[in-house]
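What follows is a short report on a single structure.
Reckoned from all heavy atoms, side chains included, excluding hydrogens, waters and symmetry mates.
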Amino acid sequence: MRDAVTHLKPTTREIKSVATTADFKNGLVLKIDGKLQQIIEFQHVKPGKGPAFVRTKLKDVVTGKTVDKTWNAGVKVETATVDRRDMTYLYNDGSSYVLMDDKTFEQVELPHDSFGFAGNFLLENMRVQVSFHEGEALFGELPVSVDLRVEHTDPGLQGDRSTGGTKPATLETGAEIQVPLFIETGNVLKVDTRDGSYLSRVNN
């Protein structure tokens, strides 16, 4: 019996990291058919009839393409080990973003689409998180909200200020968002990097 036990060695498959649908969360990276797919949305569904299931929206971390996928509740799926590092965005060299590791001072380059929509609010010297897999930089993430200065916006008409309307404003990154009519050029605003919505005015 002892000899039989000594022959039971772990295989590569046995040490793979596996999660079930109960472990799903936004940001989790799955390995599906050899590709890394990040969960960006998920919803557990318990219908009145039939088994429970989970709806997910997945983003390919290399191409940025999103797909919808439905899973039976409890199914197991391989996950990818992702190392998230705090980095500082240095500059845009025209073809990619150059970032520096805050601890090692190592510099890496990421394609412009690696930050997705949030890349519109990327400002030099901004601290971000970059995800790595097996030493390769995959994608970057901004904080949920950032403070940015209004580079230009037309004055709101005095009579319009009580209507609750909005107007376009160009931020210091070049991105254009909709802001309340009382916002003026030079104001610093808190902006949601997920959808570009105005959150609040930081100063007058």
Residue of the set L138, L30, L58 for which side chain to side chain contact (heavy atoms under 4.5 Å, CB included) holds with L36: L138
Pairwise side-chain contact, T166 with Y198, heavy-atom cut-off 4.5 Å (strictly under): no
Separation between CG of N187 and OG of S200, rounded to the nearest 0.5 Å: 11.0 Å
Check: P111 and Y97 side chains under 4.5 Å, non-hydrogen atoms: no
Straight-line distance of E124 CD to Y89 OH, nearest 0.5 Å: 5.5 Å
Full working for side-chain contact (heavy atoms from CB on, under 4.5 Å) between L171 and F121: CA-CA 8 Å; L171 304 176; F121 311 104; 4.1 Å; yes
Ionic contact status for K190 with D147, cut-off 4.0 Å: yes
Chi angles and distances behind the ring pair (Phe, Tyr, Trp, His ring centres under 6.0 Å) call for W71, F24: CA-CA 11 Å; W71 311 78; F24 281 6; 5.6 Å; yes
D101 side chain vs T104 backbone, donor-acceptor pair below 3.5 Å: yes
Ring-face cation contact, F132 with R85, 6.0 Å cut, 45° max: yes
Derivation and outcome, side-chain contact (heavy atoms from CB on, under 4.5 Å), residues Q107 and L99: CA-CA 5 Å; Q107 292 188 12; L99 305 105; over 6 Å; no
Side-chain donor or acceptor of T153 paired with backbone N/O of T185 under 3.5 Å: no
T56 (side chain) donor-acceptor with K69 (main chain) under 3.5 angstrom: yes
hydrophobic_cluster_shared for V77 and V82, side chain cutoff 4.5 Å: no
Candidate pair F115 and F139, rule ring pair (Phe, Tyr, Trp, His ring centres under 6.0 Å), full reasoning: CA-CA 6 Å; F115 283 88; F139 57 90; 9.0 Å; no
Single-linkage hydrophobic cluster, 4.5 Å side-chain cutoff, L110 and M100 together: no
V45/V54 under side-chain contact (heavy atoms from CB on, under 4.5 Å): CA gap, chis, key distance, verdict: CA-CA 6 Å; V45 180; V54 181; over 6 Å; no
Electrostatic pair E41-R55, nearest N-O below 4.0 angstrom: no
Donor-acceptor contact below 3.5 Å, side chain T21 vs main chain G74: yes
T173 versus N120, side-chain donor and acceptor atoms under 3.5 Å: no
Nearest-0.5 Å distance that lies between atom CD in Q129 and atom CG in D86: 5.0 Å
Interatomic spacing from NE2 in H112 to OG in S95 - rounded to 0.5 Å: 6.5 Å
P47 to A52 - nearest heavy-atom pair and separation: CD-CA, 4.0 Å
Value rounded to 0.5 Å, distance of CG in L123 from CG in L142: 10.0 Å
Within-4.5 Å side-chain heavy-atom neighbours: P155 and E184: no
Flag, side chain of E151 to backbone of T170, donor-acceptor distance under 3.5 Å: no
D113 side chain to G116 backbone, donor-acceptor under 3.5 Å: no
Chi angles and distances behind the side chain to side chain donor-acceptor pair (under 3.5 Å) call for T88, D102: CA-CA 7 Å; T88 299; D102 291 346; 2.7 Å; yes
side-chain contact (heavy atoms from CB on, under 4.5 Å) evaluation trace for E109 with D93: CA-CA 9 Å; E109 296 184 6; D93 69 2; 4.0 Å; yes
Same apolar cluster (I L V M F W Y, side chains within < 4.5 Å links), V98/V128: no
Cluster check I32, I40: I/L/V/M/F/W/Y, side chain < 4.5 angstrom: no
Any donor-acceptor pair under 3.5 Å from D33 side chain to K35 backbone: no
F117 versus R194, closest heavy-atom pair with distance: CD2-O, 3.5 Å
S17 side chain to T79 side chain, donor-acceptor N/O pair below 3.5 angstrom: yes
From E172 atom CD to R149 atom CZ, the distance as rounded to the nearest 0.5 Å: 4.5 Å
Side-chain donor or acceptor of K167 paired with backbone N/O of D154 under 3.5 Å: yes
In one Ile/Leu/Val/Met/Phe/Trp/Tyr side-chain cluster, 4.5 Å: I177, L122: yes
Under 3.5 Å: donor-acceptor pair, side chain of H133, backbone of T81: yes
